[in-house]
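Working notes for the structure below.
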Amino acid sequence: HLLTVLEMEQEDAFASSYVPDSVQNVLIIDGSYLVIGIRELNQTNETSFRLEREASLKKFFQFLEILCGHPHQKIVFVSAEDYDGMTRHESFYLKMQKMGVELDIREYKFKTSFVANVSVPKDQGLAEVDVAIAIKLLDYAAMPNIQTLSLFAGDRDFLDAVNYSQ
């Protein structure tokens, strides 16, 4: 599912304090899905969002606010990049930072594991991103001031975290 919106009902306050009380609606973006998700949005909604243009990126965030039915006071982008990817996408990340997006860019690691004497490549960077997103979902869900969490992701990896957060 492209976008999941969680309506939060808070009773306890076991949350971190790094988010101001004024933040009520948070959008978390799975960076590994962003290009695919925008392509799907462009095809199904006859939009023309382009990541390399700042104005188009702003329109994309506004479009997500319309889909969710409220503005997002905080947007968090989580991804993994190796050095070459960071260099290649630096201008994109700078545009996102300029727009107030919190970036959580993990180091992309490629590991090889051995199973029954067979070398099996393991994509460590993406697994680390999924864990980070799940933890962020749980962390924000525990904050008493958060009313909604929106997740822009393209797979079911976060289903347990989403269900637990509700």
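For reference, positions follow the sequence shown, starting with 1. Only heavy atoms go into these numbers, but all of them, side chains included; no hydrogens, no water, no symmetry mates. Quick caveat: nothing in here was measured; it's all calculated off a predicted structure.
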Would [X] end up clustered with [Y] when hydrophobic side chains under 4.5 Å apart are linked, directly or stepwise?
| X | Y | result |
| --- | --- | --- |
| Tyr93 | Tyr83 | no |
| Ile75 | Leu103 | yes |
| Phe63 | Ile36 | yes |
| Val78 | Tyr164 | no |
| Ile66 | Leu149 | no |

With side-chain contact (heavy atoms from CB on, under 4.5 Å) as the test, would you mind laying out the steps for Phe152 and Leu41 before giving the verdict?
CA-CA 11 Å; Phe152 187 80; Leu41 281 174; 4.1 Å; yes
Testing the basics here: between [X] and [Y], what is the closest heavy-atom pair and its distance to 0.1 Å?
| X | Y | answer |
| --- | --- | --- |
| Val23 | Asn145 | O-ND2, 2.6 Å |
| Val129 | Ser79 | CG2-C, 3.4 Å |
| His72 | Glu65 | N-OE2, 3.0 Å |
| Asn42 | Ser48 | OD1-N, 3.4 Å |
| Arg106 | Ala132 | NH2-CB, 3.2 Å |

For Glu52, is the CD atom crowded, meaning more than 12 foreign heavy atoms sit under 6.0 Å from it?
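Above 12, so yes.
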Is the number of heavy atoms from other residues, nucleotides or ligands within 6.0 Å of NZ (Lys95) greater than 12?
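Yes, because the 6.0 Å sphere around NZ of Lys95 holds more than 12 heavy atoms from other groups.
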To the nearest 0.5 Å, what is the distance between [atom1] on [X] and [atom2] on [Y]?
| X | Y | atom1 | atom2 | answer |
| --- | --- | --- | --- | --- |
| Ile28 | Phe77 | CD1 | CZ | 13.0 Å |
| Lys98 | Leu94 | NZ | CG | 10.0 Å |
| Asp82 | Thr87 | CG | OG1 | 8.5 Å |
| Leu137 | Ile146 | CG | CD1 | 11.5 Å |
| Ser165 | Lys136 | OG | NZ | 13.5 Å |
| Ile135 | Asp104 | CD1 | CG | 12.0 Å |

Parallel under 30°, tilted from 30 to 60°, perpendicular over 60°: which one fits the rings of Phe49 and Phe60?
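Phe49 vs Phe60 ring planes: perpendicular.
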Between Leu51 and Ser56, is a side-chain contact (heavy atoms from CB on, under 4.5 Å) present by the stated rule, with each step listed?
CA-CA 7 Å; Leu51 295 176; Ser56 184; over 6 Å; no
Starting from the C-alpha separation in whole Å, work towards a yes-or-no answer on side-chain contact (heavy atoms from CB on, under 4.5 Å) for Asn25 and Gln147.
CA-CA 6 Å; Asn25 305 306; Gln147 293 180 1; 4.0 Å; yes
Quick one, Ile29 and Phe61 - any side-chain contact, counting heavy atoms below 4.5 Å?
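Yes. Closest side-chain heavy atoms under 4.5 Å.
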For Asp157 and Tyr33, what are the C-alpha separation, side-chain angles and deciding distance, and is it a side-chain contact (heavy atoms from CB on, under 4.5 Å)?
CA-CA 12 Å; Asp157 289 351; Tyr33 180 70; over 6 Å; no
